Amino acid sequence: MKSPIDFLEILSILKRRIRLIVLMTFSITAAAGLMTYYLVTPMYEASTQILVNQPPSEGEAFSSRELETSRELIETYNTIITSSRILDPTLQQLGLEQSRSELSSQITVRGEGESQVLRITVEDSNQAEAADIANTLASVFQEEVPQIMNINNVSSLAEAEVEGNPSPISPNIGLNMGAAFIVTLGLGIGITMFLELLDNTIKSEADIENELNISVLGQVSTVNVENRPDLEVLSSAEKSQGSETYGA
């Protein structure tokens, strides 16, 4: 019984179109790498850390409930940092011309594991500017949060610094080229199979049997005249005879 998926036939089809697949895959992968390198703006990041700590009750150590409450408050602080109460003074102090939403899209705030430490990370095309924004955000947050939350126990642990030779966090040329390679390879195989479906030419005895539903009783093989001297003499004689016939 013939398998509905003939892997040998599929491999044969891919082999016939291998030049198309290879050319398409490598050309588009190279184009993706060049476009990523020359057209995409590199982005850098800078981070600062803030400790948000709820003071224990008088005469008591921290309880597990108080620690859990402090961690839950970190989500509230995340919202506060990306609010207009913090972003507007930051834009004003740094003299930035971008909008509040644009600045907010550059900011990521998250807790450090199970601790009560907040990490404020800013992405920008200039790492020095990213560090200035992160440090200003932290400073404004420390000034505003006592009035917003009626607490006064927020301190800075580490300021954002500018590295001597910073590496961009994006774009990732290798990742983009790898993704382009996989997508283009799949696309090339898909196009190959589609072209094969549109090709109705007879290529083998099996095609004759399948398409015409008749049996093949014999075949005419291709003979290389150069490897058969006897046939080469016969061919020359036939050509000579034909020439004389037509010339008479």
Side-chain angles (χ1 to χ4, degrees), residues 26-53 70-71 73-146 148-149 151-184:
F26 282 93
S27 59
I28 295 180
T29 300
L34 292 174
M35 291 177 64
T36 302
Y37 183 80
Y38 288 106
L39 300 182
V40 179
T41 303
M43 297 297 291
Y44 302 86
E45 71 174 15
S47 300
T48 183
Q49 289 180 314
I50 298 175
L51 174 62
V52 182
N53 195 9
S70 296
R71 291 170 182 169
L73 286 173
I74 289 178
E75 295 299 325
T76 303
Y77 301 143
N78 292 347
T79 304
I80 293 173
I81 290 174
T82 54
S83 68
S84 59
R85 185 73 176 266
I86 306 299
L87 296 183
D88 287 348
T90 301
L91 290 169
Q92 186 176 4
Q93 290 186 26
L94 295 176
L96 300 177
E97 297 180 353
Q98 61 204 94
S99 66
R100 188 189 304 154
S101 60
E102 289 174 339
L103 178 58
S104 179
S105 65
Q106 296 178 244
I107 302 169
T108 302
V109 182
R110 65 176 185 271
E112 295 280 28
E114 299 297 325
S115 69
Q116 303 174 68
V117 176
L118 284 179
R119 174 180 287 271
I120 303 174
T121 302
V122 177
E123 294 183 10
D124 196 273
S125 58
N126 185 305
Q127 199 202 25
E129 188 165 334
D132 287 341
I133 295 174
N135 291 329
T136 305
L137 283 171
S139 176
V140 173
F141 178 75
Q142 285 182 268
E143 294 174 0
E144 295 292 333
V145 77
I148 299 173
M149 300 289 292
I151 59 174
N152 191 17
N153 200 8
V154 180
S155 56
S156 176
L157 294 180
E159 291 189 348
E161 298 179 350
V162 180
E163 301 176 6
N165 187 20
S167 299
I169 59 170
S170 68
N172 189 326
I173 297 178
L175 180 62
N176 289 353
M177 292 184 67
F181 178 84
I182 294 173
V183 172
T184 310

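Just so you know, these numbers come straight off a predicted model, no measurement behind them.
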- Message: Could you work out, with side chain to side chain donor-acceptor pair (under 3.5 Å) as the rule, every residue matching Gln106, not counting sequence neighbours?
- Response: Gln98, Asp124
- Message: Test of understanding: with side chain to side chain donor-acceptor pair (under 3.5 Å), list the residues that count as partners of Thr121, not counting sequence neighbours.
- Response: Ser47
- Query: Hey, are the side chains of Val109 and Thr79 touching, using non-hydrogen atoms and a 4.5 Å cut-off?
  - Reply: no
- Gln92 atom CD, neighbour heavy-atom count above 12 within 6.0 Å: no
Residues 158-178, side-chain donor-acceptor partners within the protein, below 3.5 Å, at least two apart:
| from | atom 1 | to | atom 2 | distance (Å) |
| --- | --- | --- | --- | --- |
| Asn172 | OD1 | Gly174 | N | 3.3 |
| Asn172 | OD1 | Leu175 | N | 3.0 |
| Asn176 | ND2 | Thr36 | OG1 | 3.4 |

Nearest 0.5 Å please: distance from the [atom1] atom of [X] over to the [atom2] atom of [Y].
| X | Y | atom1 | atom2 | answer |
| --- | --- | --- | --- | --- |
| Ile133 | Thr90 | CD1 | OG1 | 8.5 Å |
| Asn78 | Ile107 | CG | CD1 | 11.0 Å |
| Arg119 | Ile50 | CZ | CD1 | 11.5 Å |
| Leu103 | Ser84 | CG | OG | 12.0 Å |

- In short, Thr48 meets Ala138 closest at the heavy-atom pair CG2-CB, 4.0 Å
- Scanning both residues in full, the closest heavy-atom pair of Ile81 with Ile86 reads O-CB, 3.5 Å
- Item | Residues which pass salt bridge (charged side-chain N to carboxylate O under 4.0 Å, His left out) with Arg110, listed by chain and number, not counting sequence neighbours | none
- Residue pairs passing the salt bridge (charged side-chain N to carboxylate O under 4.0 Å, His left out) test with at least one member in residues 77-86, sequence neighbours excluded, are Arg85-Glu144
- Applied to residues 97-109, the salt bridge (charged side-chain N to carboxylate O under 4.0 Å, His left out) test, sequence neighbours excluded, yields Asp88-Arg100
- Do you know which of Leu157, Val117, Leu118 makes side-chain contact (heavy atoms from CB on, under 4.5 Å) with Glu112? Val117
Output all residues satisfying side chain to side chain contact (heavy atoms under 4.5 Å, CB included) with [X], sequence neighbours left out; order by chain, then residue number.
| X | result |
| --- | --- |
| Gln142 | Val154, Ser156 |
| Thr184 | Met24, Thr25, Ile28 |
| Ser104 | Thr82, Leu87 |

- Query: If you look only at pairs with a residue in residues 81-126, which of them pass as a ring pair (Phe, Tyr, Trp, His ring centres under 6.0 Å), with sequence neighbours excluded?
  - Reply: none
- Task: Provide the full list of ring pair (Phe, Tyr, Trp, His ring centres under 6.0 Å) pairs with a residue in residues 88-142, sequence neighbours left out, each pair given once.
- Result: Tyr77-Phe141
Identify all side-chain donor-acceptor contacts of residues 37-46 below 3.5 Å with residues at least two apart in sequence or on another chain.
none

